[in-house]
Structure formats: C-alpha cells, structure tokens
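Within every chain, numbering begins at 1; the chains are lettered A, B, ... in the order of the sequence lines, protein sequences first and strands thereafter. Side chains are part of it too, since the values below use all heavy atoms of this structure and drop only hydrogens, waters and symmetry mates.
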There are 2 protein chains.
Amino acid sequence: MRADARRNRERIVAVAGVAIAEQGADASLEEIARRAGVGSATLHRHFPTRQVLLEAVFRDRVEELCDRARATAAELPPGPALVVWLRSVGRHAAANRGLAASLMRGADPSFGSACHAMITAAGEELVSAARRAGDVRSDVAVVDLLTLTNAVSLAAEGDPAEADRLLTLALEGIRPA
Amino acid sequence: MRADARRNRERIVAVAGVAIAEQGADASLEEIARRAGVGSATLHRHFPTRQVLLEAVFRDRVEELCDRARATAAELPPGPALVVWLRSVGRHAAANRGLAASLMRGADPSFGSACHAMITAAGEELVSAARRAGDVRSDVAVVDLLTLTNAVSLAAEGDPAEADRLLTLALEGIRPA
DNA sequence: CGGTAAACGGAGTGGGCCCCCGTTTCCTGG
DNA sequence: CCAGGAAACGGGGGCCCACTCCGTTTACCG
C-alpha cells in the first residue's frame with residue numbers, strides 16, 4: 001500500500017470518527033471527505049460503502065476497549081473491575097451514538113463476529129475472575145452483559161447518570177442467589 | 001377536515017407502518033406515497049417531516065399497548081401481568097425495529113412526553129399493583145422498566161427468544177431484597 | 001532520473017426529499 | 001339539485017447526497 005494512500009485512509013477514519021460523534025451514523029460522506037481534504041472518489045475507493053467506513057471507525061474503539069479491559073483487571077479486584085469496565089463499554093457506546101446499532105443490522109456478519117470475538121475475549125477474563133470471586137452467577141455469559149450494557153447506553157442516550165442508574169439496576173441480577 | 005384528506009392520511013399511515021416494518025425507519029417517503037396512491041406533495045402536506053410521519057405510526061402502536069395493559073391487568077395476577085405486558089412492549093419494539101430509537105432522538109420533545117405519559121400511565125397501574133403484591137421493589141419506576149424493555153428488544157433485534165432471555169435477566173433485579 | 005502502476009479528484013449520473021402552483025375535488029347554502 | 005369557493009391534490013423542478021468514470025498526478029523502483 002502506497003504511503004499517501006495509507007495517510008489518506010487514516011485521515012478519513014479520524015475525521016469520520018469526529019463526524020459520527022457529532023451527527024450520528026448517517027453523517028454526510030461528502031462532508032467527511034471535504035473535512036479530510038480528499039475527493040469523494042478517494043473516500044469511496046477506500047470505503048466502498050458507508051458500512052465499511054463505520055466498521056473501520058468502530059474497530060478503533062473496540063481495540064481501545066480491549067486495552068482498557070486488561071488495564072482495569074490489573075488495577076482493581078475482580079467484581080469492581082468488571083463493573084467499571086462495563087461502564088467504560090457503556091460510555092463508548094453512548095459516545096458513538098447509534099454506531100453499534102447500525103453495525104448490528106449491517107450485511108457483513110463476519111466483521112460483527114470478529115469484533116464480537118475480540119471484545120468477548122477481553123471481557124471473558126474479567127467475568128471469569130469475577131465468577132471465581134463469587135460476584136457473578138454461573139449462568140451469566142459475557143455476551144449477556146455486553147448486550148445489556150450496549151442496550152442501556154443506547155436507551156439512555158446523552159445522559160450518563162441515567163445510563164449508570166439503569167446499568168446498575170440491570171446488573172442487580174447477575175449476583176449468585 | 002375533508003373526507004378525502006382523512007382517507008389519504010389514514011392510507012399513508014397504514015402503508016408507512018408496513019414499509020417501516022419491512023425496511024426500517026429510513027424507508028423511502030416517495031415509495032410510501034406511491035404505494036398509498038398519492039403524490040409526494042400530499043404526503044408532505046400531511047406529514048411535513050419524516051419525524052411527524054413516524055410519530056403518527058407510533059401513536060397507533062402506543063394506543064394498542066395501552067389497551068393491552070388494561071386487558072392484561074384484568075386477566076392475570078399483578079406480578080405475572082406486569083411481566084407479560086412488558087413482553088408485549090418488547091415484541092412491539094422489536095416489530096417496529098428502530099422506530100422507537102428514531103423517535104427518541106427526534107427534535108419534538110412534546111410528542112415524546114405525550115406517548116411517554118400515555119404508556120407510563122398504562123404501566124403505572126400494573127406496577128403499583130405488582131408493588132402492593134410484593135413483587136416489585138419500591139425504588140423501581142415504570143419508566144425504568146419500559147426503558148430496559150425497549151433497550152433489550154432493540155439489542156436482541158430479530159430474535160424473540162433472546163429478547164425474552166435478556167429481559168428475564170434484566171428483570172431479576174426488580175424484586176424486593 | 002525516468003517509467004510505470006497506483007492513487008487521486010473533479011465532473012457527471014441517478015435517486016430522494018421537499019416545495020411551488022395550476023388543477024381537481026369536496027362541501028354547503030340557496 | 002347546483003354553483004361558488006375553499007380545501008386538497010399531484011406533477012414538475014430545485015437541491016443535496018451517494019456513488020462512478022476517466023484524465024491527471026504522484027509515489028515508488030530500478
């Protein structure tokens with residue numbers, strides 16, 4: 001891949017991240033191209049469909065979340081670490097507005113499962129540690145917690161305190177009986 | 001309001017309901033007009049913005065849900081009635097895809113609060129009955145349950161069994177300690 | 001430093017949203 | 001029953017956006 005191509009690609013992803021945070025997942029692709037200082041054709045060559053661009057933006061966040069999972073596990077005891085990390089997941093979902101939802105209904109299941117696998121693997125360590133510590137029921141899976149967290153953040157859009165309240169409520173049920 | 005105007009308005013709402021169920025909240029307004037047998041100008045006169053049309057479609061579902069709340073309360077004991085009704089809420093949210101989400105981020109708060117009030121009032125009776133029966137914690141509000149239910153249905157889009165599982169999990173926390 | 005292949009970007013196409021305005025349809029009072 | 005007027009209709013046009021084509025420019029390599 002040529003150097004200028006890589007440079008443009010990175011600029012587009014960065015600008016798209018900002019635009020999506022500002023205007024939601026249906027931000028104008030032409031404006032993103034303009035703000036990135038490239039022609040619309042360049043944007044469409046790198047990202048043939050809006051979905052592909054959203055995926056590229058989302059991939060960055062996913063990797064950041066995975067890093068944060070490891071960092072949190074190193075700093076806190078198992079139970080609190082899990083909750084704190086889930087709050088991070090929630091904040092990211094809220095910051096990205098409906099980005100996750102747009103990707104869920106996207107036509108490419110392989111990307112979805114890839115991110116799913118990455119984030120699930122990162123969360124798995126936190127959950128199994130919390131389970132060993134007796135803070136989580138044995139029939140609660142990582143994916144359940146992630147789905148609930150995403151859903152709550154989506155529903156409480158724009159109100160972090162509300163999201164925290166609802167998440168706390170939803171997580172009430174994960175402790176062993 | 002003239003008879004033909006009312007007829008067209010009803011046709012448009014009905015067709016829009018089908019189109020939204022098929023294609024999501026961003027279905028083509030022109031195709032809706034075409035399928036309803038009216039010109040695009042007529043659609044835009046009745047519904048100046050897409051948001052207004054979505055609201056009209058949503059209003060029908062809300063009224064149906066309110067009716068169902070009363071019917072369920074009459075047929076079942078308080079605790080089960082609440083859960084059964086929340087499942088109805090979840091099924092409707094799933095059937096309408098992201099319609100509820102689109103309305104949440106809409107610019108008209110008065111409509112949102114109106115529906116909010118209607119559905120909250122309908123659910124309030126179920127919740128207070130369940131609370132008197134000792135099935136619900138005193139610090140859990142109707143709005144919390146509705147938000148959770150909507151969020152879960154949104155997240156488990158297209159998989160009723162999954163939605164039921166997650167909702168059951170989320171509702172684990174509403175019982176008194 | 002020159003040639004080549006890759007990448008770029010402006011211009012063009014098609015479709016969607018929305019509005020203007022001449023035409024048609026409905027209601028009502030005589 | 002009918003005629004006048006207001007209300008509703010809908011085709012056509014403007015504008016914006018997603019997406020593509022192709023002549024031009026740029027980066028890499030020998």
| Taking A:W85 for the side chain and A:L65 for the main chain, is one N or O donor matched with an acceptor at less than 3.5 Å? | yes
| For A:L54 and A:A25, which heavy atoms make the closest approach, and how far apart are they? | CD2-O, 4.2 Å
| task | List, by chain and number, the other hydrophobic cluster members for B:L76, where Ile, Leu, Val, Met, Phe, Trp and Tyr join if side-chain heavy atoms come within less than 4.5 Å, directly or indirectly. | result | B:V84
| note | Students should find that the nucleotides of DNA chain D closing off the region near chain B, any atom under 4.0 angstrom from a heavy atom, are D:dA6 to D:dG12
| said: Side-chain N or O of B:H44 versus OP1/OP2 of C:dC18: is the shortest distance under 4.0 Å? | reply: yes
Between [N] atom [atom2] and [X] atom [atom1], what is the distance in whole Å?
X     : N      : atom1 : atom2 : result
B:L43 : C:dC19 : CG    : C1'   : 13 Å
A:R11 : C:dA7  : CZ    : P     : 18 Å
B:R50 : C:dC17 : CZ    : C1'   : 9 Å
A:M1  : C:dA7  : CE    : P     : 7 Å
B:I12 : C:dC18 : CD1   : P     : 14 Å

Could you write out each protein N or O paired with an N or O of nucleotides 1-6 of chain C at a distance under 3.5 Å?
from: C:dA6; atom 1: N3; to: A:R2; atom 2: NH1; distance (Å): 2.8

Pairs under 3.5 Å (N/O, protein and nucleotides 9-11 of chain C):
from: C:dG9; atom 1: OP2; to: A:G39; atom 2: N; distance (Å): 3.1
from: C:dG9; atom 1: OP2; to: A:T42; atom 2: OG1; distance (Å): 3.0
from: C:dG9; atom 1: N7; to: A:R45; atom 2: NH2; distance (Å): 3.4
from: C:dG9; atom 1: O6; to: A:R45; atom 2: NH2; distance (Å): 3.4

Can you list every salt bridge (Lys or Arg N to Asp or Glu O under 4.0 Å) pair that touches [range], not counting sequence neighbours?
range                       : value
residues 31-45 of chain A   : A:E22-A:R35, A:E31-A:R35
residues 144-154 of chain B : A:R165-B:D144
residues 75-88 of chain A   : A:R87-A:D164

| task | Please list, chain by chain and in numerical order, all residues satisfying salt bridge (Lys or Arg N to Asp or Glu O under 4.0 Å) with A:D67, sequence neighbours excluded. | result | A:R70
| query | With A:E63, which residues qualify under side chain to side chain donor-acceptor pair (under 3.5 Å), at least two apart? | reply | none
| said: Using heavy-atom distances to pick each residue's nearest nucleotide on DNA chain D, tell me which of B:D4 and B:E30 is more 5'. | reply: B:D4
Name the atoms and distances for all side-chain donor-acceptor pairs under 3.5 Å in residues 130-139 of chain A, with sequence neighbours left out.
from: A:R131; atom 1: NH2; to: A:V140; atom 2: O; distance (Å): 2.9
from: A:D135; atom 1: OD2; to: A:G79; atom 2: N; distance (Å): 3.4
from: A:R137; atom 1: NE; to: A:D139; atom 2: OD1; distance (Å): 3.1
from: A:R137; atom 1: NH1; to: A:G173; atom 2: O; distance (Å): 2.9
from: A:R137; atom 1: NH2; to: A:D139; atom 2: OD1; distance (Å): 3.3
from: A:R137; atom 1: NH2; to: A:D139; atom 2: OD2; distance (Å): 3.0

| remark: Across all chains, not counting sequence neighbours, the side-chain contact (heavy atoms from CB on, under 4.5 Å) partners of B:R9 are B:M1, B:V13, B:H46, B:F47, B:A56
| said: Tell me every residue that passes side-chain contact (heavy atoms from CB on, under 4.5 Å) with B:E64, counting only those two or more places apart in sequence or in another chain. | reply: B:R68, B:H92
